Amino acid sequence: MRRESTDVKNKGQHSTVFGKKKEPHTVIIARGSHIRHFTIRPWLVTAFAGTLTALSIGYLAATAYLVFRDDIVSAASARQARIQQAYEDRIAALRAQVDRITSRQMLDQQMVETKVSELMARQEALNARHGKIGETISEAAVEQDSPAIETPSIETPGMDKPQAMLDSGGQPLAYGSMGAQPFLSASNDETAADRADRNFVAIHKSLEAVEADQLRKLDTMATNAYRESSVLGDALRTAGVDIEDDYGKADVGGPLVPLDQAGIFDSKVKELDEALDRLGGLKQEARALPFANPAPGRSVSSRFGVRTDPLLGTPAMHSGMDFRAPSGTPILATGYGTVTEAGWNGGYGQMVEIKHANGFATRFGHMSAIHVTVGEQVKPGDVLGEVGSTGRSTGPHMHYEIRRNGVAIDPADFLAAGKRIEHYL
(Lines give C-alpha, C1' and ligand atoms only; values in the text may rest on other atoms or scores of the structure.)
Protein backbone atom coordinates (compact mmCIF):
# COMPACT_ATOMS: atom_id res chain seq x y z
CA MET A 1 0.00 0.00 0.00
CA ARG A 2 1.37 3.39 -0.89
CA ARG A 3 0.52 6.49 1.00
CA GLU A 4 1.33 9.84 -0.35
CA SER A 5 0.88 13.11 1.37
CA THR A 6 1.20 16.34 -0.42
CA ASP A 7 0.88 19.70 1.09
CA VAL A 8 0.08 22.16 -1.59
CA LYS A 9 0.26 25.71 -0.54
CA ASN A 10 -0.92 28.24 -3.00
CA LYS A 11 1.12 31.27 -2.26
CA GLY A 12 1.26 34.39 -4.22
CA GLN A 13 -2.05 33.88 -6.00
CA HIS A 14 -4.01 37.07 -6.22
CA SER A 15 -7.55 37.76 -7.26
CA THR A 16 -7.82 40.12 -10.10
CA VAL A 17 -11.06 41.48 -8.82
CA PHE A 18 -10.58 41.89 -5.08
CA GLY A 19 -6.83 42.13 -5.04
CA LYS A 20 -4.55 39.83 -3.15
CA LYS A 21 -6.16 36.83 -1.42
CA LYS A 22 -4.43 34.30 0.79
CA GLU A 23 -5.61 30.80 0.06
CA PRO A 24 -6.09 28.37 3.01
CA HIS A 25 -3.71 25.50 3.48
CA THR A 26 -4.84 22.18 1.97
CA VAL A 27 -3.64 18.70 2.90
CA ILE A 28 -4.07 16.00 0.18
CA ILE A 29 -3.77 12.31 1.08
CA ALA A 30 -3.68 9.77 -1.77
CA ARG A 31 -4.08 6.06 -1.05
CA GLY A 32 -4.37 3.96 -4.10
CA SER A 33 -7.22 5.20 -6.06
CA HIS A 34 -8.54 7.14 -3.08
CA ILE A 35 -7.56 10.74 -2.77
CA ARG A 36 -8.53 12.88 0.22
CA HIS A 37 -7.77 16.48 0.93
CA PHE A 38 -8.21 18.56 4.02
CA THR A 39 -8.27 22.27 4.38
CA ILE A 40 -6.51 23.58 7.47
CA ARG A 41 -8.34 26.54 8.95
CA PRO A 42 -6.46 29.23 10.91
CA TRP A 43 -8.50 28.72 14.07
CA LEU A 44 -7.59 25.03 14.09
CA VAL A 45 -3.96 26.01 14.04
CA THR A 46 -4.57 28.43 16.85
CA ALA A 47 -6.44 25.82 18.90
CA PHE A 48 -3.76 23.26 18.30
CA ALA A 49 -1.05 25.68 19.27
CA GLY A 50 -2.96 26.71 22.42
CA THR A 51 -3.52 23.11 23.42
CA LEU A 52 0.10 22.30 22.86
CA THR A 53 1.13 25.30 24.91
CA ALA A 54 -1.23 24.33 27.74
CA LEU A 55 0.08 20.81 27.78
CA SER A 56 3.62 22.08 27.81
CA ILE A 57 2.88 24.42 30.71
CA GLY A 58 1.09 21.62 32.58
CA TYR A 59 3.98 19.33 31.96
CA LEU A 60 6.44 21.91 33.17
CA ALA A 61 4.25 22.67 36.23
CA ALA A 62 3.93 18.98 37.08
CA THR A 63 7.67 18.57 36.67
CA ALA A 64 8.30 21.61 38.92
CA TYR A 65 5.84 20.27 41.49
CA LEU A 66 7.58 16.93 41.53
CA VAL A 67 10.91 18.62 41.87
CA PHE A 68 9.89 21.17 44.53
CA ARG A 69 7.12 19.16 46.23
CA ASP A 70 9.00 18.56 49.48
CA ASP A 71 9.79 22.26 49.88
CA ILE A 72 6.19 23.25 49.20
CA VAL A 73 4.83 20.65 51.61
CA SER A 74 7.32 21.74 54.27
CA ALA A 75 6.39 25.39 53.81
CA ALA A 76 2.68 24.56 54.03
CA SER A 77 3.26 22.43 57.11
CA ALA A 78 5.32 25.18 58.71
CA ARG A 79 2.62 27.75 57.99
CA GLN A 80 -0.05 25.46 59.43
CA ALA A 81 2.11 24.87 62.47
CA ARG A 82 2.56 28.62 62.91
CA ILE A 83 -1.17 29.18 62.67
CA GLN A 84 -1.87 26.39 65.15
CA GLN A 85 0.81 27.68 67.54
CA ALA A 86 -0.62 31.18 67.37
CA TYR A 87 -4.07 29.78 68.06
CA GLU A 88 -2.80 27.75 71.01
CA ASP A 89 -0.93 30.76 72.37
CA ARG A 90 -4.10 32.81 72.16
CA ILE A 91 -6.06 30.07 73.92
CA ALA A 92 -3.37 29.88 76.64
CA ALA A 93 -3.43 33.68 77.08
CA LEU A 94 -7.21 33.65 77.40
CA ARG A 95 -7.03 30.82 79.93
CA ALA A 96 -4.39 32.71 81.93
CA GLN A 97 -6.57 35.80 81.87
CA VAL A 98 -9.57 33.78 83.04
CA ASP A 99 -7.42 32.27 85.80
CA ARG A 100 -6.25 35.71 86.88
CA ILE A 101 -9.79 37.01 86.94
CA THR A 102 -10.97 33.97 88.89
CA SER A 103 -8.06 34.26 91.32
CA ARG A 104 -8.74 37.98 91.79
CA GLN A 105 -12.39 37.28 92.45
CA MET A 106 -11.47 34.60 94.98
CA LEU A 107 -8.99 36.94 96.66
CA ASP A 108 -11.57 39.72 96.69
CA GLN A 109 -14.12 37.38 98.21
CA GLN A 110 -11.64 36.17 100.83
CA MET A 111 -10.67 39.74 101.61
CA VAL A 112 -14.30 40.76 102.04
CA GLU A 113 -15.00 37.74 104.23
CA THR A 114 -11.89 38.47 106.31
CA LYS A 115 -12.85 42.08 106.80
CA VAL A 116 -16.43 41.15 107.65
CA SER A 117 -15.04 38.76 110.27
CA GLU A 118 -12.87 41.55 111.65
CA LEU A 119 -15.85 43.87 111.83
CA MET A 120 -17.93 41.22 113.57
CA ALA A 121 -15.12 40.69 116.08
CA ARG A 122 -14.97 44.42 116.74
CA GLN A 123 -18.76 44.50 117.10
CA GLU A 124 -18.58 41.69 119.63
CA ALA A 125 -15.87 43.58 121.49
CA LEU A 126 -18.02 46.71 121.52
CA ASN A 127 -21.02 44.77 122.79
CA ALA A 128 -18.85 43.15 125.47
CA ARG A 129 -17.65 46.60 126.48
CA HIS A 130 -21.20 47.86 126.64
CA GLY A 131 -22.07 44.87 128.82
CA LYS A 132 -19.19 45.60 131.18
CA ILE A 133 -20.19 49.25 131.45
CA GLY A 134 -23.82 48.29 132.01
CA GLU A 135 -22.87 45.85 134.76
CA THR A 136 -20.68 48.44 136.45
CA ILE A 137 -23.38 51.10 136.35
CA SER A 138 -26.06 48.64 137.46
CA GLU A 139 -23.97 47.51 140.41
CA ALA A 140 -23.35 51.11 141.37
CA ALA A 141 -27.08 51.85 141.11
CA VAL A 142 -27.92 48.87 143.32
CA GLU A 143 -25.41 49.94 145.95
CA GLN A 144 -26.71 53.54 145.90
CA ASP A 145 -30.37 54.30 146.56
CA SER A 146 -30.22 57.58 144.63
CA PRO A 147 -27.04 57.72 142.58
CA ALA A 148 -26.11 61.25 141.66
CA ILE A 149 -23.25 60.37 139.36
CA GLU A 150 -23.79 61.41 135.78
CA THR A 151 -23.75 58.36 133.51
CA PRO A 152 -23.44 59.40 129.86
CA SER A 153 -25.25 57.22 127.38
CA ILE A 154 -22.92 54.78 125.65
CA GLU A 155 -24.32 53.09 122.58
CA THR A 156 -22.87 50.38 120.40
CA PRO A 157 -24.02 49.16 117.01
CA GLY A 158 -26.08 45.99 116.98
CA MET A 159 -24.54 42.62 116.21
CA ASP A 160 -26.77 42.18 113.20
CA LYS A 161 -25.05 44.95 111.30
CA PRO A 162 -21.94 43.04 110.08
CA GLN A 163 -24.02 40.02 109.08
CA ALA A 164 -26.10 42.25 106.81
CA MET A 165 -23.17 44.07 105.28
CA LEU A 166 -23.15 42.17 101.97
CA ASP A 167 -25.98 42.10 99.49
CA SER A 168 -26.89 39.19 97.22
CA GLY A 169 -24.16 40.23 94.78
CA GLY A 170 -21.46 40.23 97.44
CA GLN A 171 -21.26 44.04 97.57
CA PRO A 172 -20.91 45.82 100.93
CA LEU A 173 -24.03 47.58 102.11
CA ALA A 174 -23.85 50.93 103.90
CA TYR A 175 -25.51 51.39 107.28
CA GLY A 176 -25.50 54.63 109.22
CA SER A 177 -26.21 53.63 112.82
CA MET A 178 -22.52 53.75 113.66
CA GLY A 179 -22.03 57.30 112.54
CA ALA A 180 -20.13 56.45 109.36
CA GLN A 181 -20.20 58.84 106.43
CA PRO A 182 -22.59 57.82 103.62
CA PHE A 183 -20.85 55.64 101.06
CA LEU A 184 -20.26 57.36 97.74
CA SER A 185 -21.26 55.77 94.47
CA ALA A 186 -18.44 53.82 92.86
CA SER A 187 -16.88 54.88 89.59
CA ASN A 188 -17.16 52.69 86.51
CA ASP A 189 -13.52 51.58 86.64
CA GLU A 190 -13.62 50.74 90.36
CA THR A 191 -13.49 47.05 91.21
CA ALA A 192 -15.48 45.28 93.88
CA ALA A 193 -12.35 45.03 96.01
CA ASP A 194 -11.77 48.78 95.74
CA ARG A 195 -15.35 49.48 96.76
CA ALA A 196 -15.05 47.05 99.64
CA ASP A 197 -11.79 48.66 100.78
CA ARG A 198 -13.30 52.12 100.69
CA ASN A 199 -16.42 51.07 102.55
CA PHE A 200 -14.52 49.05 105.13
CA VAL A 201 -12.24 52.01 105.81
CA ALA A 202 -15.32 54.13 106.52
CA ILE A 203 -16.75 51.45 108.82
CA HIS A 204 -13.46 51.02 110.68
CA LYS A 205 -13.27 54.77 111.22
CA SER A 206 -16.81 54.73 112.56
CA LEU A 207 -16.00 51.88 114.96
CA GLU A 208 -12.87 53.70 116.11
CA ALA A 209 -15.01 56.77 116.76
CA VAL A 210 -17.42 54.67 118.84
CA GLU A 211 -14.52 53.17 120.82
CA ALA A 212 -13.02 56.61 121.40
CA ASP A 213 -16.41 57.90 122.50
CA GLN A 214 -16.73 55.03 124.96
CA LEU A 215 -13.32 55.76 126.45
CA ARG A 216 -14.09 59.46 126.67
CA LYS A 217 -17.37 58.82 128.48
CA LEU A 218 -15.73 56.33 130.79
CA ASP A 219 -13.22 59.06 131.68
CA THR A 220 -16.10 61.48 132.27
CA MET A 221 -17.91 59.04 134.55
CA ALA A 222 -14.74 58.26 136.49
CA THR A 223 -13.96 61.97 136.83
CA ASN A 224 -17.47 62.64 138.16
CA ALA A 225 -17.12 59.78 140.62
CA TYR A 226 -13.73 61.08 141.83
CA ARG A 227 -15.12 64.60 142.22
CA GLU A 228 -18.12 63.43 144.23
CA SER A 229 -15.88 61.17 146.29
CA SER A 230 -13.68 64.17 147.04
CA VAL A 231 -16.64 66.24 148.18
CA LEU A 232 -17.97 63.43 150.35
CA GLY A 233 -14.49 62.76 151.72
CA ASP A 234 -14.11 66.41 152.70
CA ALA A 235 -17.47 66.31 154.43
CA LEU A 236 -16.51 63.18 156.36
CA ARG A 237 -13.18 64.70 157.34
CA THR A 238 -15.08 67.74 158.56
CA ALA A 239 -17.07 65.41 160.77
CA GLY A 240 -13.81 63.96 162.06
CA VAL A 241 -14.19 60.61 160.29
CA ASP A 242 -10.93 58.99 159.22
CA ILE A 243 -11.23 57.66 155.69
CA GLU A 244 -8.64 55.77 153.65
CA ASP A 245 -7.41 57.74 150.69
CA ASP A 246 -5.11 55.78 148.37
CA TYR A 247 -5.53 58.18 145.45
CA GLY A 248 -2.96 60.75 144.48
CA LYS A 249 0.08 59.11 146.09
CA ALA A 250 3.34 60.31 144.61
CA ASP A 251 5.49 57.26 145.46
CA VAL A 252 4.83 55.17 142.35
CA GLY A 253 6.93 53.53 139.65
CA GLY A 254 7.50 50.46 137.50
CA PRO A 255 8.37 49.47 133.93
CA LEU A 256 6.37 50.88 131.05
CA VAL A 257 4.05 48.25 129.59
CA PRO A 258 2.05 49.70 126.67
CA LEU A 259 -1.60 48.64 126.45
CA ASP A 260 -3.57 47.79 123.37
CA GLN A 261 -7.06 49.13 122.76
CA ALA A 262 -8.74 46.30 124.69
CA GLY A 263 -6.28 46.71 127.57
CA ILE A 264 -6.95 50.44 127.72
CA PHE A 265 -10.69 49.87 127.83
CA ASP A 266 -10.41 47.21 130.55
CA SER A 267 -8.19 49.54 132.53
CA LYS A 268 -10.74 52.35 132.19
CA VAL A 269 -13.59 50.05 133.25
CA LYS A 270 -11.56 48.87 136.24
CA GLU A 271 -10.77 52.45 137.18
CA LEU A 272 -14.44 53.42 136.90
CA ASP A 273 -15.47 50.38 138.92
CA GLU A 274 -13.03 51.30 141.69
CA ALA A 275 -14.19 54.93 141.62
CA LEU A 276 -17.84 53.88 141.87
CA ASP A 277 -17.05 51.43 144.68
CA ARG A 278 -15.27 54.16 146.59
CA LEU A 279 -18.10 56.60 145.93
CA GLY A 280 -20.68 54.06 147.07
CA GLY A 281 -18.73 53.41 150.28
CA LEU A 282 -18.42 57.12 151.04
CA LYS A 283 -22.13 57.60 150.42
CA GLN A 284 -22.97 54.81 152.83
CA GLU A 285 -20.73 56.37 155.45
CA ALA A 286 -22.17 59.81 154.81
CA ARG A 287 -25.75 58.58 155.06
CA ALA A 288 -24.93 56.88 158.33
CA LEU A 289 -23.80 60.20 159.84
CA PRO A 290 -26.07 63.09 160.88
CA PHE A 291 -25.53 65.47 157.99
CA ALA A 292 -29.21 66.32 157.37
CA ASN A 293 -31.04 69.34 158.80
CA PRO A 294 -33.48 68.42 161.62
CA ALA A 295 -35.60 71.54 161.00
CA PRO A 296 -35.29 72.61 157.34
CA GLY A 297 -36.03 76.28 156.76
CA ARG A 298 -35.94 77.19 160.44
CA SER A 299 -33.59 79.86 161.80
CA VAL A 300 -31.02 79.26 164.52
CA SER A 301 -31.73 81.10 167.79
CA SER A 302 -28.64 79.92 169.71
CA ARG A 303 -25.40 78.38 168.50
CA PHE A 304 -22.94 75.90 169.94
CA GLY A 305 -20.39 77.18 172.48
CA VAL A 306 -20.18 79.54 175.40
CA ARG A 307 -23.21 81.80 175.84
CA THR A 308 -25.14 83.60 178.54
CA ASP A 309 -27.50 81.20 180.24
CA PRO A 310 -31.10 82.30 179.46
CA LEU A 311 -32.30 81.48 183.00
CA LEU A 312 -29.35 82.50 185.21
CA GLY A 313 -27.74 85.14 183.00
CA THR A 314 -24.25 83.74 183.63
CA PRO A 315 -21.77 82.35 181.08
CA ALA A 316 -22.43 78.71 180.32
CA MET A 317 -21.54 76.10 177.76
CA HIS A 318 -24.27 75.42 175.18
CA SER A 319 -23.74 71.86 173.92
CA GLY A 320 -25.95 72.13 170.84
CA MET A 321 -27.95 74.41 168.55
CA ASP A 322 -31.40 75.81 169.11
CA PHE A 323 -33.81 76.11 166.17
CA ARG A 324 -36.65 78.60 166.46
CA ALA A 325 -39.95 76.87 165.59
CA PRO A 326 -43.56 76.89 166.84
CA SER A 327 -44.93 74.04 168.91
CA GLY A 328 -45.97 71.01 166.87
CA THR A 329 -43.37 71.53 164.15
CA PRO A 330 -42.12 68.09 163.01
CA ILE A 331 -38.60 67.15 164.11
CA LEU A 332 -36.71 65.05 161.52
CA ALA A 333 -33.95 62.45 161.90
CA THR A 334 -30.62 63.59 160.44
CA GLY A 335 -29.07 60.19 159.62
CA TYR A 336 -29.47 56.41 159.70
CA GLY A 337 -29.42 55.03 163.20
CA THR A 338 -31.14 53.32 166.11
CA VAL A 339 -33.24 55.03 168.81
CA THR A 340 -31.48 54.48 172.13
CA GLU A 341 -33.57 56.82 174.29
CA ALA A 342 -37.09 58.23 173.93
CA GLY A 343 -38.58 59.95 176.98
CA TRP A 344 -37.99 62.48 179.78
CA ASN A 345 -34.36 63.41 180.50
CA GLY A 346 -33.94 66.21 183.07
CA GLY A 347 -33.23 69.62 181.54
CA TYR A 348 -33.76 68.18 178.00
CA GLY A 349 -37.40 67.56 178.84
CA GLN A 350 -38.90 65.13 176.32
CA MET A 351 -35.82 63.88 174.46
CA VAL A 352 -34.92 61.41 171.72
CA GLU A 353 -31.37 60.09 171.29
CA ILE A 354 -30.26 58.21 168.20
CA LYS A 355 -27.07 56.19 167.90
CA HIS A 356 -25.24 56.45 164.55
CA ALA A 357 -22.11 54.81 163.10
CA ASN A 358 -18.53 55.62 164.09
CA GLY A 359 -19.48 56.56 167.65
CA PHE A 360 -21.82 59.41 166.67
CA ALA A 361 -25.12 60.17 168.39
CA THR A 362 -27.75 62.91 168.07
CA ARG A 363 -30.10 64.34 170.71
CA PHE A 364 -33.35 66.21 170.20
CA GLY A 365 -34.67 68.04 173.29
CA HIS A 366 -37.66 70.05 174.62
CA MET A 367 -40.05 68.01 172.45
CA SER A 368 -43.78 68.28 173.00
CA ALA A 369 -44.44 64.81 171.54
CA ILE A 370 -42.36 61.73 170.72
CA HIS A 371 -43.26 59.46 167.78
CA VAL A 372 -40.53 56.79 168.03
CA THR A 373 -39.65 54.05 170.49
CA VAL A 374 -36.37 52.68 171.81
CA GLY A 375 -34.78 50.19 169.40
CA GLU A 376 -36.52 51.57 166.36
CA GLN A 377 -34.47 52.00 163.16
CA VAL A 378 -34.73 55.43 161.56
CA LYS A 379 -33.42 57.05 158.40
CA PRO A 380 -32.87 60.68 157.35
CA GLY A 381 -36.17 62.54 157.13
CA ASP A 382 -38.17 60.28 159.49
CA VAL A 383 -40.36 62.23 161.92
CA LEU A 384 -39.12 61.71 165.51
CA GLY A 385 -41.57 63.98 167.28
CA GLU A 386 -42.77 67.59 167.59
CA VAL A 387 -41.26 70.87 168.75
CA GLY A 388 -42.19 71.94 172.27
CA SER A 389 -40.88 73.70 175.38
CA THR A 390 -40.45 70.91 177.90
CA GLY A 391 -37.58 70.78 180.39
CA ARG A 392 -35.26 73.71 180.96
CA SER A 393 -36.64 76.02 178.28
CA THR A 394 -37.93 79.56 177.96
CA GLY A 395 -40.17 78.91 174.95
CA PRO A 396 -40.96 76.60 172.04
CA HIS A 397 -37.82 75.60 170.19
CA MET A 398 -35.80 72.49 169.29
CA HIS A 399 -32.49 71.74 170.97
CA TYR A 400 -30.21 69.69 168.66
CA GLU A 401 -26.94 68.05 169.66
CA ILE A 402 -24.31 65.95 167.92
CA ARG A 403 -21.99 63.87 170.09
CA ARG A 404 -19.04 61.68 169.20
CA ASN A 405 -18.00 59.12 171.79
CA GLY A 406 -20.07 61.07 174.30
CA VAL A 407 -18.44 64.46 173.62
CA ALA A 408 -20.61 67.27 172.20
CA ILE A 409 -19.35 68.81 168.93
CA ASP A 410 -20.57 71.78 166.90
CA PRO A 411 -23.55 70.77 164.69
CA ALA A 412 -22.91 73.76 162.41
CA ASP A 413 -20.00 71.98 160.73
CA PHE A 414 -22.21 69.00 159.96
CA LEU A 415 -25.02 71.19 158.66
CA ALA A 416 -22.64 73.07 156.36
CA ALA A 417 -21.08 69.85 155.10
CA GLY A 418 -24.50 68.26 154.69
CA LYS A 419 -25.68 71.17 152.57
CA ARG A 420 -22.72 70.66 150.22
CA ILE A 421 -23.35 66.96 149.77
CA GLU A 422 -27.13 66.72 150.03
CA HIS A 423 -27.63 66.36 146.24
CA TYR A 424 -25.04 63.52 146.18
CA LEU A 425 -26.95 61.52 148.76
Side-chain angles (χ1 to χ4, degrees), residues 145-146 235 239 286-314 316-357 360-404 406-425:
D145 294 336
S146 57
R287 292 193 188 102
L289 298 182
F291 282 113
N293 194 324
R298 301 297 176 178
S299 60
V300 177
S301 58
S302 181
R303 295 187 176 276
F304 176 86
V306 179
R307 68 171 184 175
T308 301
D309 185 77
L311 297 179
L312 300 178
T314 59
M317 180 65 184
H318 187 222
S319 60
M321 295 179 66
D322 291 340
F323 290 85
R324 186 181 294 109
S327 296
T329 301
I331 298 175
L332 308 180
T334 57
Y336 287 92
T338 303
V339 177
T340 57
E341 187 174 345
W344 190 270
N345 187 350
Y348 289 102
Q350 296 283 356
M351 185 197 77
V352 170
E353 182 177 273
I354 299 175
K355 180 181 179 182
H356 304 280
F360 285 92
T362 52
R363 290 182 179 181
F364 305 83
H366 311 306
M367 300 170 70
S368 62
I370 297 175
H371 300 327
V372 293
T373 58
V374 175
E376 184 176 345
Q377 301 290 325
V378 296
K379 63 181 182 296
D382 286 350
V383 177
L384 304 178
E386 300 174 6
V387 172
S389 185
T390 58
R392 196 170 184 273
S393 172
T394 60
H397 71 283
M398 181 192 67
H399 177 80
Y400 176 60
E401 288 185 12
I402 297 179
R403 292 176 175 266
R404 186 178 188 185
V407 179
I409 56 179
D410 190 355
D413 295 336
F414 282 79
L415 294 177
K419 191 171 184 179
R420 292 196 303 269
I421 66 175
E422 62 181 352
H423 66 282
Y424 296 126
L425 301 179

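For clarity, every value in this text was computed on a predicted model and none was experimentally measured.
For the side-chain contact (heavy atoms from CB on, under 4.5 Å) with E353, the lone residue among T362, T340, V339 that qualifies is T340.
For S302, the side chain to side chain contact (heavy atoms under 4.5 Å, CB included) test picks out R307, H318, D322, with sequence neighbours left out. Taking A369 as the reference, H371, E386 meet the side chain to side chain contact (heavy atoms under 4.5 Å, CB included) condition, with sequence neighbours excluded. Shown here are the ring-ring contact (aromatic ring centres under 6.0 Å, His included) partners of F364, two or more places apart in sequence or in another chain: Y400. Checked against side chain to side chain contact (heavy atoms under 4.5 Å, CB included), T329 has the following partners two or more places apart in sequence or in another chain: R298, A325, P326, V387. Residues satisfying the side chain to side chain contact (heavy atoms under 4.5 Å, CB included) criterion with S319, sequence neighbours excluded, are Y348, H399, E401, R403, A408.
The heavy-atom pair separating A295 from N293 by the smallest distance is N-OD1, 2.9 Å. For G388 against S327, the heavy-atom pair with the smallest separation is CA-OG, 4.2 Å. Nearest heavy-atom pair, G391 versus W344, reported as atom, atom and distance to 0.1 Å: N-CH2, 3.6 Å. M398 and I331 make their closest contact through SD-CG2, 3.3 Å (heavy atoms, listed as atom of the first residue, atom of the second, distance). Among all heavy-atom pairs drawn from G328 and S368, the shortest one is N-OG, 4.2 Å. Between H356 and G335, the shortest heavy-atom distance links the atoms CE1-O, 3.5 Å.
Between the T390 side chain and the M367 main chain, a donor and an acceptor come within less than 3.5 Å of each other. Within the 3.5 Å criterion, the main-chain N or O of G395 finds a donor-acceptor partner in the side chain of S389.
We find the CD1-CD1 distance between I409 and I402 to be 6.0 Å, quoted to the nearest 0.5 Å. The OG1 atom of T334 sits 11.0 Å away from the CZ atom of F360 when rounded to the nearest 0.5 Å. Taken from CD1 in I421 to CG in L289, the straight-line distance is 8.5 Å, to the nearest 0.5 Å. Note that CZ of R324 is 10.5 Å distant from NE2 of H397, once rounded to the nearest 0.5 Å. Considering CZ of R363 and CG of N345, their distance stands at 6.5 Å, rounded to 0.5 Å. Distance CZ/F323 to NE2/H366: 13.0 Å, rounded to 0.5 Å.
Residue R303 qualifies as open at atom CZ: its count of foreign heavy atoms under 6.0 Å is 12 or below.
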Using atom types as modelled, flag every donor-acceptor pair under 3.5 Å from a side chain in residues 373-384 to any protein atom, sequence neighbours excluded.
unit_1 : atom_1 : unit_2 : atom_2 : d
E376   : OE1    : T373   : N      : 3.1
Q377   : OE1    : T338   : OG1    : 3.1
Q377   : NE2    : T338   : OG1    : 2.9
K379   : NZ     : D382   : OD1    : 3.3
D382   : OD2    : K379   : N      : 2.9

